[in-house]
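Written below as structure tokens is the structure these notes are about.
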Protein chains: 2
Amino acid sequence: MHPEFEKYLKENTSLTQDDIHHINNKAFDKTLHRNELLLQAGDICKHKVFVVKGLLRMYSIDSNGNEHILQFAPEHSWTLDVESYDKQIPSEINMGAIEPTEVMLWQKDDFNKLLSEVPELSKLSQQIISRNIYYSRQRMLTTLSATPEEKYDDFIERFPKLLTRLPLRMIASYLGISIKTLTRIRHNQLHR
Amino acid sequence: MHPEFEKYLKENTSLTQDDIHHINNKAFDKTLHRNELLLQAGDICKHKVFVVKGLLRMYSIDSNGNEHILQFAPEHSWTLDVESYDKQIPSEINMGAIEPTEVMLWQKDDFNKLLSEVPELSKLSQQIISRNIYYSRQRMLTTLSATPEEKYDDFIERFPKLLTRLPLRMIASYLGISIKTLTRIRHNQLHR
DNA sequence: ACTGATTATGGTCAAATGACCATGTTTTTA
DNA sequence: TAAAAACATGGTCATTTGACCATAATCAGT
């Protein structure tokens, strides 16, 4: 039993101890070292992923070879490529570890069974989807309306704990601005 | 009974005629004239919306008074502000008609009842959510990685039918580029 | 602790973009 | 159908941004 996982579920759901055990028992553990990929473009996303410890990023590589980060997944977050997982088709994105990371994985069949057996888990699942939709919309709005500096400030506010764990270039990649622009902003903020 | 609605459901689901009637009977009709708002920032999103005919846009207004378009909803599409609808909290966005538009509205209670009574509707609902998630991700990627011209070309490919129905400034607003940039692109594409 | 790799910053310059404004055209609506 | 409103385009100019490159600092893995 993962104490971290148990703690997360106790704080965020009203699942019983039995249910938690049941869910836990269906999971596989995996440890990733820095830069190791959990999912590679072209592969099929076979698992639901819970990050116990560490930090993942979801990103795609465009035709010029540039990386664009879609999402960070720090400890106590869930992640997967919805499209690939739902339809079991090849993924267009990559998921890799930024730090040494521990994850729990559930196979689709197992997880679906859990969803039907444990209504409270189904509820949690819905909540996570809603939150993601809301969060994507917010990000889209910021991306459309904010200046690079506003984007950076917004990022710091939204993910204060990630700031020190991420290389700047990844923040730039997430915000859709060049690293040059980002260092300029930081320079200006220091000298004023 | 809305023939358009019936047609849509027959083409996209395996709902029975009875179910379709049942769903239809719980809906309210509403007609919007050009520029009329269906939802205003500050209001609570009380309905699920199906666009029978016409064209809606979902947009927010930033602190400088600029509009940013999050989504277009043409005929045969569903729309709502998820966050506001789910939690029944004030919305941060607006929904307005670009053309004279006919919509069908379901109250939350009624729709939830339908969802539990009609499994096939629940399935449709899930599909729509998945598609939205996938589509948002694609849009985010394009926004992050494409040049203004690529964004415009992508828009034309993705929504060829909307192109002639939308004022250019709304396309610019959706793409997150200035209208100046957009007319420049169009100018270049003509003269080459 | 050491070595190689990664990272952050800054300079320079060209190109892209947006703000502002004017004009002619199209669309709406009364 | 006529007047008013909304719209698309283009000119000009200042500013922002990114590409490319070099350098110094920091970090990771042995």
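As the structure is a computational prediction, the values presented were derived from the model and not from experiment. Naming convention: chains lettered A, B, ... in sequence-line order (proteins, then strands); numbering from 1 in each chain.
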Separation of [N] [atom2] from [X] [atom1] (nearest whole Å):
{"X": "B:I177", "N": "C:dA19", "atom1": "CD1", "atom2": "P", "value": "12 Å"}
{"X": "B:L182", "N": "D:dG10", "atom1": "CG", "atom2": "C1'", "value": "14 Å"}
{"X": "B:N188", "N": "C:dT17", "atom1": "CG", "atom2": "P", "value": "11 Å"}
{"X": "A:R165", "N": "C:dT7", "atom1": "CZ", "atom2": "P", "value": "16 Å"}
{"X": "B:Y152", "N": "D:dA8", "atom1": "OH", "atom2": "C1'", "value": "12 Å"}
{"X": "A:Q189", "N": "C:dA8", "atom1": "CD", "atom2": "C1'", "value": "15 Å"}
{"X": "A:M170", "N": "C:dA8", "atom1": "CE", "atom2": "C1'", "value": "14 Å"}
{"X": "B:L163", "N": "D:dA8", "atom1": "CG", "atom2": "C1'", "value": "13 Å"}

Closest nucleotide among [options] to the [X] side chain:
{"X": "A:I179", "options": "D:dG18, C:dG18, C:dA8", "answer": "C:dA8"}
{"X": "A:R169", "options": "C:dA8, D:dA8, D:dT17", "answer": "C:dA8"}
{"X": "B:L168", "options": "C:dT17, D:dA8, C:dT9", "answer": "D:dA8"}

Among side-chain atoms of A:E117 and A:H22, is any donor-acceptor pair under 3.5 angstrom?
yes

Does a distance-only test, which skips hydrogens and angles, find a donor-acceptor pair under 3.5 Å between the side chain of B:K180 and the base of D:dT12?
yes

Side-chain donor/acceptor of B:R184 to base of D:dG11, under 3.5 Å
no

CD of B:Q71 to CE of A:M140, rounded to nearest 0.5 Å, is 11.5 Å

Are the aromatic ring centres of A:F159 and A:F72 under 6.0 angstrom apart?
no

Looking at [X], I'd like to know whether one of its side-chain N or O atoms comes within less than 4.0 Å of OP1 or OP2 on [N].
{"X": "A:H187", "N": "C:dT9", "answer": "no"}
{"X": "B:T181", "N": "C:dG18", "answer": "yes"}
{"X": "A:S178", "N": "D:dG18", "answer": "yes"}

Starting at the 5' end of DNA chain D, which residue's closest nucleotide do you reach first, A:R34 or A:P148?
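In this pair, the answer is A:P148.
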
Which residue lies toward the 5' end of DNA chain C, A:R186 or B:T147, if each is placed at its nearest nucleotide?
A:R186

For A:S173 against A:E67, the heavy-atom pair lying closest together
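So the minimum-distance heavy-atom pair works out to OG-O, 3.1 Å.
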
Taking the six-membered ring of B:Y85, is the NZ or CZ of B:K108 close enough (under 6.0 Å from the centre) and on axis enough (within 45°)?
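So B:K108 does make the cation-pi contact.
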
